[in-house]
*Asks:* 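Shown below is the structure under consideration.
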Amino acid sequence: MLNKDVKKEIQQAYSKFLEARELKPRYGQKLMIAEIAKTLGSIQLNADGERQTEGHLCVIEAGTGTGKTVSYLLAALPVAKALGKKVVLATATVALQEQVVLKDLPDLIRYADLKFNFCLAKGRGRYMCLSKLDKILTSSDDTQFIPLYEDEHSEISEFDTKLYTSMMEKLGEGKWDGDRDNWHDEIDQPAWQRVTTDHRQCTGRNCKFVRQCAFFNARELLDEADCIVANHDLVLADLALGGGAILPAPEETIYIFDEGHHLPDKALNHFASHTRYKSTIRWLGQSEGQWSNLTEPLTDASYFTQIAAPTEAVFKNVRSLMEAHLPHMQEWVYALEASNEKDNDRFRRDDRQESSRQLRFEQGVVPAAMEYLARELVDAFLDLSMHLSKLHKELETLIEDDYPLVPRVDIETVHGAVGTWLARADGNLSLWKSYADTKVIENWPIARWITVTTFNDVMDYEIVSSPILASKALEKDLWSRCCGAVVTSATLTALNSFDRFKIRSGTYDDSHYSVVPSPFDYPNRAVLRIPSFAVEANFAADHTDSMIEYLPEIIDKKAGTLVLFSSRKQMLEVFDQLPADFRMLILMQGSQSKQVLVSDHKKRIDEGSGSIIFGLASFAEGVDLPGKYCTHVIIAKIPFAVPDDPLEASLAEWVESRGGNSFMQITVPDAAMRLVQACGRLLRTESDEGIVTIMDKRLITKRYGQALLNSLPPFKRELG
């Protein structure tokens, strides 16, 4: 039961907040606060502070306009304080992170009279490494950064040098804190990669720049914070390191995952392994050639020199093995490509770049000869990883010595290179372990595929392995360990059920699941229209023709319109064949960055002109165009997943192998969630109004269409 004092604190804080902001209580918001408080308030701890009760997870869908952020913070912060735990709030987007840190949390302190400290947490990769920056500006030697892939740019240009010089000047003047997000301009990834680090390259408290280190200075704030704002990736990275390495330990934490529908997919990215075959051969060769020059300054460190002696031979052994099997890899790719083309048209994904194609192994099972190669590579990369680990450990010992035998700056240079190589060796080891034994495991299905890439006319093979579901890993590392958790989003259900989310995320059946209503007056504010001239979108040519013919008729040229396509190819075809004067109104995704495009659209509307955005999936979620900026959302067709996505295809295959119907259990629920997200672009505030037009007659003619319609908000309907 929720402690009476905590319950009273939450109620008083909510009342104070509403009164100070001159707001009226929202029914959905009150329900959400109550559900979260009830769930977290039921958590019981033993004498050691360990959770001894279940039912500690609250999964809650709350529509746009509910006021989710205020709800979960008002409910969770007092409970966490009473339990002696920390709150880690993780978002999926930078925009929400900034809103929480700059507005929502300060507002709660100011208006709700809650007493707590908060800070923003980011991974090392968001912070500049002063040691690396110093080396770049004081040395012409760039051996510390050896690119793994052909499309990484290793040379430091004159522009980059000016950038790094400016960084050092801004740091010295106190005008920049080393946070990438606080730099005044966008920084290209290759340029940033040279001046950031990871835990293997970082020398930690032994670095001479530790007092000025942006990452460590930010880390110190975490110890004092009651509420830590992070993102999904940082939480997952912390869990991958065992939990408690960056953020508080899961057992000491109440997590809040906003935009929680992203969590399973984010987790899959962390659990996947991949390597590029030819690029790895190239990296191994480069590492060999540079080793003696790199370690020459460390000659007087006799023990290091002794254990480093076989390094080039170990690299050469792995490279020779991979080179010897390269012809076999090419044969497998050709055979797999022929098999895929025969079984299914897996190359019809309209928006894929011509430079890559994906070839999937059925049920994740690879040829016996490839398993044999994988086992050989496991042994080879294990030797390399163990050797590099030994070198890395000895370098750390040398760095920790108050009076090292060789200059510390030289030790740090080699330490950084070895740390990078160790990470790459471990990544390859993980990948090839997954390919060494690929028999079908019913309860832990793995997808395996090869992506054939081309860069500057050079072909490479990216070998990938990924679990098709993140559920077991999340259950093991997160849900079973955490003190409590709240997962929320405007789209957690699909077809009015949480089943899809439970399957993908691993949340328990006895968790608290709830849907709270949006305050929007859907029937009186918006119309859902399927026009009589709509055609079934599976007839691609006819559907494209209908879009070309009718878009100029149904779009108000003086208003704000968002047109969402599922295919880049169709979007381009429609644009190219529209009248020239109509095309002048269109801002199309890909022509400029998303932020600039949205800004230009709003500027046009503010100036009294009409504007039309043509967008793909990324514009169907997370784009905020309130009021006059969007009064008409046009959805080209039901957003079914592309047929050749290897993860989706593997998941469908697994469902079918268990006697299920993958179309109804996977494809339709996924499409339902995407359709709800797309429709959600229309009403962003309670005063908004407009029309949603769906140009796909299958919503009326197909049996699954009614289920999709029933999952949408209760718009007034005009179904042709």
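Side-chain atoms are counted along with the backbone in the values below, which use heavy atoms only and exclude waters and symmetry mates. Just so you know, these numbers come straight off a predicted model, no measurement behind them.
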*Asks:* Using side-chain contact (heavy atoms from CB on, under 4.5 Å) as the criterion, point out the one residue from L395, L405, T413 that pairs with L298.
*Replies:*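 By the side-chain contact (heavy atoms from CB on, under 4.5 Å) criterion, L298 pairs with just one of L395, L405, T413: L395.
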
*Asks:* Could you report the tightest heavy-atom contact between W479 and A485, atom names first, then the distance?
*Replies:*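 Shortest heavy-atom contact: CZ3-CB, 3.8 Å.
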
*Asks:* Salt-bridge test for E323 and R319: reply yes if a basic N is under 4.0 Å from a carboxylate O, no otherwise.
*Replies:*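 Judged by the 4.0 Å cut-off on N to carboxylate O distance, E323 and R319 do form a salt bridge.
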
*Asks:* Check the orientation of F304 and W291. Use parallel for under 30°, tilted for 30 to 60°, and perpendicular for over 60°.
*Replies:* tilted

*Asks:* Calculate, to the nearest 0.5 Å, the distance between atoms CZ and CG belonging to R219 and L247 respectively.
*Replies:*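 Between atom CZ of R219 and atom CG of L247 there are 8.0 Å.
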
*Asks:* Report yes if the side chains of L321 and H325 come closer than 4.5 Å at any heavy-atom pair, otherwise no.
*Replies:*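 Yes, their side chains come closer than 4.5 Å.
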
*Asks:* Is there a side-chain contact between L96 and V100 (heavy atoms, below 4.5 Å)?
*Replies:*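 A side-chain contact under 4.5 Å exists here.
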
*Asks:* Say whether, by atom type as modelled, one donor and one acceptor occur between the side chain of K86 and the main chain of L222 under 3.5 angstrom.
*Replies:* yes

*Asks:* First locate atom OG of S466, then atom CG of L431, and finally report the distance between them rounded to the nearest 0.5 Å.
*Replies:*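 So the gap between those two atoms works out to 11.0 Å.
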
*Asks:* Hey, are the side chains of M370 and I450 touching, using non-hydrogen atoms and a 4.5 Å cut-off?
*Replies:* yes

*Asks:* So, taking the atom named CD in E252 and the one named CG in L83, what distance separates them when rounded to the nearest 0.5 Å?
*Replies:*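 Result: 10.5 Å between the selected atoms.
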
*Asks:* Does a side chain donor of either W283 or S287 reach within less than 3.5 Å of an acceptor in the other side chain?
*Replies:*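 Note: W283 and S287 side chains meet the donor-acceptor criterion.
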
*Asks:* Tell me if a side-chain donor or acceptor on K85 pairs with a main-chain N or O of G49 at a distance below 3.5 Å.
*Replies:*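 Here the side-chain-to-backbone pair exists.
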
*Asks:* Answer yes or no: are there more than 12 heavy-atom neighbours, outside E296 itself, under 6.0 Å from its atom CD?
*Replies:*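 No, because the 6.0 Å sphere around CD of E296 holds 12 heavy atoms or fewer from other groups.
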
*Asks:* Where do D477 and P250 come nearest, in terms of heavy atoms and distance?
*Replies:* O-CG, 4.4 Å

*Asks:* Using side-chain contact (heavy atoms from CB on, under 4.5 Å), reason through L171 and L133 one step at a time and then give a plain yes or no.
*Replies:* CA-CA 11 Å; L171 285 166; L133 181 62; 4.0 Å; yes

*Asks:* Any donor-acceptor pair under 3.5 Å linking the side-chain atoms of S385 with those of D426?
*Replies:* yes

*Asks:* side-chain contact (heavy atoms from CB on, under 4.5 Å) for R448 and Y435? Distances and angles first, verdict last.
*Replies:* CA-CA 8 Å; R448 297 179 179 88; Y435 273 74; 3.3 Å; yes

*Asks:* Between S505 and V487, does the side-chain contact (heavy atoms from CB on, under 4.5 Å) criterion hold? Intermediate values first, please.
*Replies:* CA-CA 10 Å; S505 68; V487 184; over 6 Å; no

*Asks:* Taking the side chain as everything from C-beta on, heavy atoms only, tell me whether L239 gets closer than 4.5 Å to H270.
*Replies:*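 Heavy-atom side-chain distance check fails, nothing below 4.5 Å.
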
*Asks:* Looking only at side chains, do S131 and K135 share a donor and an acceptor under 3.5 Å apart?
*Replies:* yes

*Asks:* How long is the straight-line distance from NE2 of H262 back to CG of D233, given to the nearest 0.5 Å?
*Replies:*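 Atom-to-atom, D233:CG and H262:NE2 are 11.0 Å apart.
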
*Asks:* Are the side chain of Y127 and the backbone of F216 linked by a donor-acceptor contact shorter than 3.5 Å?
*Replies:*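 Side chain of Y127 to backbone of F216, a donor-acceptor pair under 3.5 Å: no, none is there.
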
*Asks:* So which atom in W449 and which in R360 form the shortest heavy-atom distance, rounded to 0.1 Å?
*Replies:* CB-CA, 3.7 Å

*Asks:* Please check if atom CD in E173 has more than 12 non-hydrogen atoms from other residues, nucleotides or ligands closer than 6.0 Å.
*Replies:*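 Yes, the 6.0 Å shell around CD holds more than 12 heavy atoms from other groups.
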
*Asks:* Are the side chain of D238 and the backbone of L234 linked by a donor-acceptor contact shorter than 3.5 Å?
*Replies:*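 It does not hold such a pair.
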
*Asks:* Looking at side-chain heavy atoms only, is the closest gap between I446 and S434 below 4.5 Å?
*Replies:*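 In contact.
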
*Asks:* Please check if the side chain of H232 supplies one atom and the backbone of G260 the other of a donor-acceptor pair under 3.5 Å.
*Replies:* no

*Asks:* Side-chain contact test, heavy atoms from C-beta onward, threshold under 4.5 Å: evaluate it for C483 versus L45 and give yes or no.
*Replies:*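 They are in contact (side-chain heavy atoms under 4.5 Å apart), so the answer is yes.
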
*Asks:* Determine, for E337 against R357, whether the closest basic-nitrogen to carboxylate-oxygen distance falls under 4.0 angstrom.
*Replies:* yes

*Asks:* Taking the six-membered ring for Trp, is the centroid-to-centroid distance between W332 and Y461 below 6.0 Å?
*Replies:* no

*Asks:* Check the pair C129 / F209 against side-chain contact (heavy atoms from CB on, under 4.5 Å), numbers first and verdict last.
*Replies:* CA-CA 9 Å; C129 172; F209 296 107; over 6 Å; no

*Asks:* Please check this pair: side chain of N117 against backbone of D226, looking for a donor-acceptor N/O pair closer than 3.5 Å.
*Replies:*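 No, N117 side chain to D226 backbone: no donor-acceptor pair under 3.5 Å.
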
*Asks:* I'd like to know whether CD of Q52 has more than 12 heavy-atom contacts from other residues, nucleotides or ligands below 6.0 angstrom.
*Replies:* yes

*Asks:* Between S650 (side chain) and P646 (backbone), is there a donor-acceptor pair under 3.5 Å?
*Replies:*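 Yes; at least one donor-acceptor contact below 3.5 Å.
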
*Asks:* Check for a donor-acceptor pair, side chain of N231 on one end and backbone N or O of A90 on the other, with a separation under 3.5 Å.
*Replies:* no

*Asks:* State, to 0.1 Å, how close T280 and M322 come at their nearest heavy-atom pair, and which atoms those are.
*Replies:* CG2-SD, 3.8 Å

*Asks:* Do you know the tightest heavy-atom contact between A436 and V378?
*Replies:*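 Smallest heavy-atom distance, with atoms named: CB-CG2, 4.3 Å.
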
*Asks:* Are K122 and R180 packed together at the side-chain level, in the sense that at least one heavy-atom pair is separated by less than 4.5 angstrom?
*Replies:* no

*Asks:* Do W183 and W192 have ring centroids that are under 6.0 Å from one another?
*Replies:*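 Between W192 and W183, the centre distance exceeds or equals 6.0 Å.
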
*Asks:* State whether the number of non-hydrogen atoms from other residues, nucleotides or ligands found under 6.0 Å of Q189 atom CD is greater than 12.
*Replies:*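 Buried by this count: over 12 neighbours within 6.0 Å.
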
*Asks:* Kindly compute the distance separating CG (L268) from CG (L469), expressed to the nearest 0.5 Å.
*Replies:*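 L268 CG to L469 CG: 7.0 Å, rounded to 0.5 Å.
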
*Asks:* Which word best sums up how the rings of Y255 and F257 line up, parallel for under 30°, tilted for 30 to 60°, or perpendicular for over 60°?
*Replies:*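 Judged by the thresholds at 30° and 60°, the geometry between Y255 and F257 is parallel.
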
*Asks:* Just by modelled atom types, is the K278 backbone N or O under 3.5 Å from a matching donor or acceptor in the D460 side chain?
*Replies:*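 Pair found, side chain donor or acceptor close to backbone of K278.
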
*Asks:* Under 3.5 Å, is there a donor-acceptor pair between the side chain of R51 and the main chain of C482?
*Replies:* yes

*Asks:* Please report the interatomic distance SG(C207) to NZ(K132), rounded to the nearest 0.5 Å.
*Replies:*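 So the gap between those two atoms works out to 11.5 Å.
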
*Asks:* State, with a plain yes or no, whether a side-chain heavy atom of E396 is found less than 4.5 Å away from one of H415.
*Replies:*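 Side chain of E396 against side chain of H415, heavy atoms only: contact under 4.5 Å found.
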
*Asks:* Please report the shortest heavy-atom distance between A380 and V318, naming the atom on each side.
*Replies:* O-CG2, 3.7 Å

